[in-house]
Novice: 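Starting off with a structure, shown below.
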Amino acid sequence: MSLKGKHLLCTQDWSRQELERVLELAEDMKRERWTDKYAHVLDRRTFFMFFYNPSVRTRQSFECAATELGGHAQFLEPKSMRLKTSQSAGETVEDASKVMSRYACGIGIRILEDKIGAYGQGHELCEEYARWSDVPIVSMAHDKFHPCQGLADMQGLWQHLGRDRLEGKKLLQVWGHGALARSWCSVQESMLICSRFGMDITLAHPEGYDLDPEVLAQVEKNCAENGRELEISNDPVRCYDGAHVVYSRNWMHPDTYEDGEFHKAEEIERALAHPEWICDEKKMKRTDDALFTHPMPIDRGHEVSDAVASGRRSIIYDVAENRLHVQKAIMALTMGDVR
Ligand code: CP
């Protein structure tokens with residue numbers, strides 16, 4: 001199997017076999033981190049990280065990943081480039097993408113939340129870069145999907161539940177109130193990849209906080225192909241019953257984008273009116289001793305209590321570490337000569 005040159009905008013675009021190859025390699029890269037086995041995979045090559053929005057984990061882990069593979073990661077922001085926008089003349093995506101791919105071995109893009117005016121625009125931009133680029137485009141989180149996070153989540157489940165023990169386990173993907181008006185990318189990616197790997201999915205949120213219906217239809221299809229189910233609940237307590245993995249995360253109401261603008265203040269006010277939507281120890285007692293996971297950064301005291309986030313079953317730091325391993329694997333397979 002060769003993944004050389006392949007873009008990664010969503011794990012759903014890759015076969016299960018291809019995703020398993022990434023995860024197997026990530027596991028080996030974790031074991032071999034300080035040996036020379038993968039130390040020259042991207043020898044003298046540069047990965048461009050093009051960030052419209054801020055990041056802690058994604059930037060740091062991609063920089064470390066490139067270093068550990070013998071290459072380099074360069075940080076880019078749109079403000080340091082002269083790109084065409086709806087308000088100003090400048091370079092087209094076609095030109096930018098073609099030129100950038102003459103320099104770099106791959107290009108990562110992050111665009112979401114306040115850097116777009118409507119859901120879907122970030123995905124369109126990533127697709128436009130992919131259309132013109134001669135090197136792989138990797139989503140570093142955009143409004144729809146966060147494939148690197150989804151793979152890191154899955155590596156965490158392999159580590160803590162067992163690769164062959166995910167079938168039929170219940171993932172609770174539950175909304176948490178908070179003051180950050182988060183995009184849908186991490187939760188949609190999590191449900192897609194977990195349903196591919198045979199888990200039952202329960203999606204729970206207050207009425208109105210619906211996610212992308214096309215993504216939900218795909219999750220339902222993935223579940224059906226594995227003989228599993230997608231359940232949708234508006235009950236902030238009973239949704240925990242029997243869960244094996246709890247992933248509590250804030251996401252924005254669909255009305256947050258209106259008239260081409262991102263209405264963050266209104267969304268925060270709307271979200272904070274639902275304080276009962278917090279993952280706490282009492283609710284976790286209803287689960288089957290579930291793992292707690294979250295892509296971070298965590299809004300502690302809103303999305304989840306400190307006791308759960310820092311508790312015995314929390315795997316948040318392992319998952320954050322996995323970002324490094326899966327991204328090294330993605331880079332080695334799509335930009336290097338590893339098969
Ligand atoms: N999980 C994640 O993507 O974290 P950052 O926003 O800090 O990169």
Side-chain angles (χ1 to χ4, degrees), residues 8-11 22-23 26 47-68 73-78 106-116 122-123 125-126 137-157 159 171 173-176 178-194 211 245-252 262 264 268 279 291-300 302-304 309-310 314-331:
L8 180 57
L9 302 189
C10 178
T11 55
V22 173
L23 292 165
F47 176 72
F48 284 159
M49 303 180 295
F50 189 20
F51 280 102
Y52 284 75
N53 304 77
S55 157
V56 172
R57 277 144 293 275
T58 305
R59 178 177 178 180
Q60 292 175 4
S61 55
F62 264 113
E63 286 197 17
C64 292
T67 303
E68 292 179 19
Q74 184 175 340
F75 177 73
L76 301 171
E77 288 179 290
I107 302 168
I109 302 176
R110 166 168 290 198
I111 180 162
L112 38 76
E113 294 165 1
D114 60 325
K115 297 301 185 284
I116 54 173
H123 191 68
L125 185 84
C126 293
I137 301 293
V138 178
S139 169
M140 299 192 300
H142 63 279
D143 50 354
K144 280 191 169 186
F145 305 118
H146 196 350
C148 300
Q149 185 64 54
L151 281 157
D153 295 339
M154 186 48 65
Q155 189 180 5
L157 299 187
Q159 289 162 344
L171 168 70
Q173 197 81 55
V174 57
W175 187 85
L180 287 171
R182 314 242 190 184
S183 86
W184 297 354
C185 61
S186 300
V187 292
Q188 293 192 154
E189 193 71 59
S190 164
M191 288 193 295
L192 285 168
I193 195 166
C194 289
L211 294 169
V245 180
V246 173
Y247 184 137
S248 174
R249 165 82 162 175
N250 173 257
W251 65 84
M252 67 180 78
F262 181 61
K264 185 169 182 177
I268 289 170
C279 174
L291 298 172
F292 175 78
T293 192
H294 189 292
M296 304 182 85
I298 296 179
D299 187 1
R300 286 173 180 251
H302 286 126
E303 294 174 310
V304 58
S310 301
S314 175
I315 62 168
I316 55 173
Y317 302 123
D318 287 344
V319 168
E321 179 190 322
N322 291 342
R323 293 291 305 278
L324 171 74
H325 307 306
V326 298
Q327 287 159 199
K328 283 172 72 176
I330 292 162
M331 293 166 92

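One is the number of the first residue; the rest follow in order along the sequence. These values consider heavy atoms only, across backbone and side chains, with no hydrogens, waters or symmetry-generated copies. From a predicted model like this one, the values you see are computed outputs, not experimental measurements. We count ligands from 1, going down the list as the structure has it; atoms in each ligand are counted the same way.
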Novice: For ligand 1, which is the ligand I care about here, please tell me if P297 has any N or O atom under 3.5 Å from one of the ligand's N or O atoms.
Specialist: no
Novice: Heavy atom under 4.0 Å from ligand 1: found in Q149's side chain, backbone, both, or neither?
Specialist: side chain
Novice: Would you mind reporting whether K328 and L324 have side-chain heavy atoms less than 4.5 Å apart?
Specialist: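 The answer is yes, as the side chains (C-beta and beyond) meet within the 4.5 Å cut-off.
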Novice: Flag P54 as yes when one of its N or O atoms lies below 3.5 Å from any N or O atom of ligand 1, and as no otherwise.
Specialist: no
Novice: Between H294 and E303, is there a side-chain donor-acceptor contact under 3.5 Å, judged purely by atom types and distance?
Specialist: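 A pair is found: one side chain offers a donor N or O, the other an acceptor, under 3.5 Å apart.
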Novice: Using modelled atom types and a 3.5 Å cut-off, is there a donor and acceptor pairing between side-chain atoms of S190 and backbone atoms of S186?
Specialist: no
Novice: Of all the non-hydrogen atoms in the protein, which one sits nearest to atom 2 (C) of ligand 1, and at what distance?
Specialist: R323 NH1, 3.4 Å
Novice: As an exercise, state the distance from CD1 of I316 to CE of M296, rounded to the nearest 0.5 Å.
Specialist: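 One gets 4.0 Å once the value is rounded to the nearest 0.5 Å.
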Novice: How long is the gap from NE2 on H142 to OG on S183, to the nearest 0.5 Å?
Specialist: 9.0 Å
Novice: Using a strict 4.0 Å cut-off to heavy atoms of V56, name the atoms of ligand 1 that fall inside it.
Specialist: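 Heavy-atom distances to V56 below 4.0 Å select 5 (P), 7 (O), 8 (O).
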Novice: Specify side chain, backbone, both or neither for Q60, according to which of its non-hydrogen atoms lie closer than 4.0 Å to ligand 1.
Specialist: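 Looking at Q60 and ligand 1, no heavy atom falls under 4.0 Å.
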Novice: State whether a side-chain donor-acceptor pair under 3.5 Å links Q327 with S61.
Specialist: yes
Novice: Within the side chain of D299, is there an N or O that forms a donor-acceptor pair under 3.5 Å with the backbone of A179?
Specialist: yes
Novice: Nearest protein heavy atom to atom 4 (O) of ligand 1, by residue and atom, and its distance?
Specialist: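 Of the protein heavy atoms, R57 NE, 2.9 Å lies nearest.
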Novice: Taking only heavy atoms of M296 into account, list the atoms of ligand 1 that are under 4.0 Å away from them.
Specialist: 1 (N), 2 (C), 4 (O)
Novice: In Å, rounded to the nearest 0.5 Å, how long is the span from CE of M191 to CH2 of W184?
Specialist: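 Going from CE on M191 over to CH2 on W184, the span is 10.5 Å.
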Novice: If you measure from atom 8 (O) of ligand 1 to every heavy atom of V319, N53, T58, I298, which option wins on shortest distance?
Specialist: T58
Novice: Give the contacting part of H146 toward ligand 1: side chain, backbone, both or neither, where contact means a heavy-atom distance below 4.0 Å.
Specialist: side chain
Novice: Starting from atom 6 (O) of ligand 1, find the nearest protein heavy-atom neighbour and note its residue, name and distance.
Specialist: R110 NH1, 2.9 Å
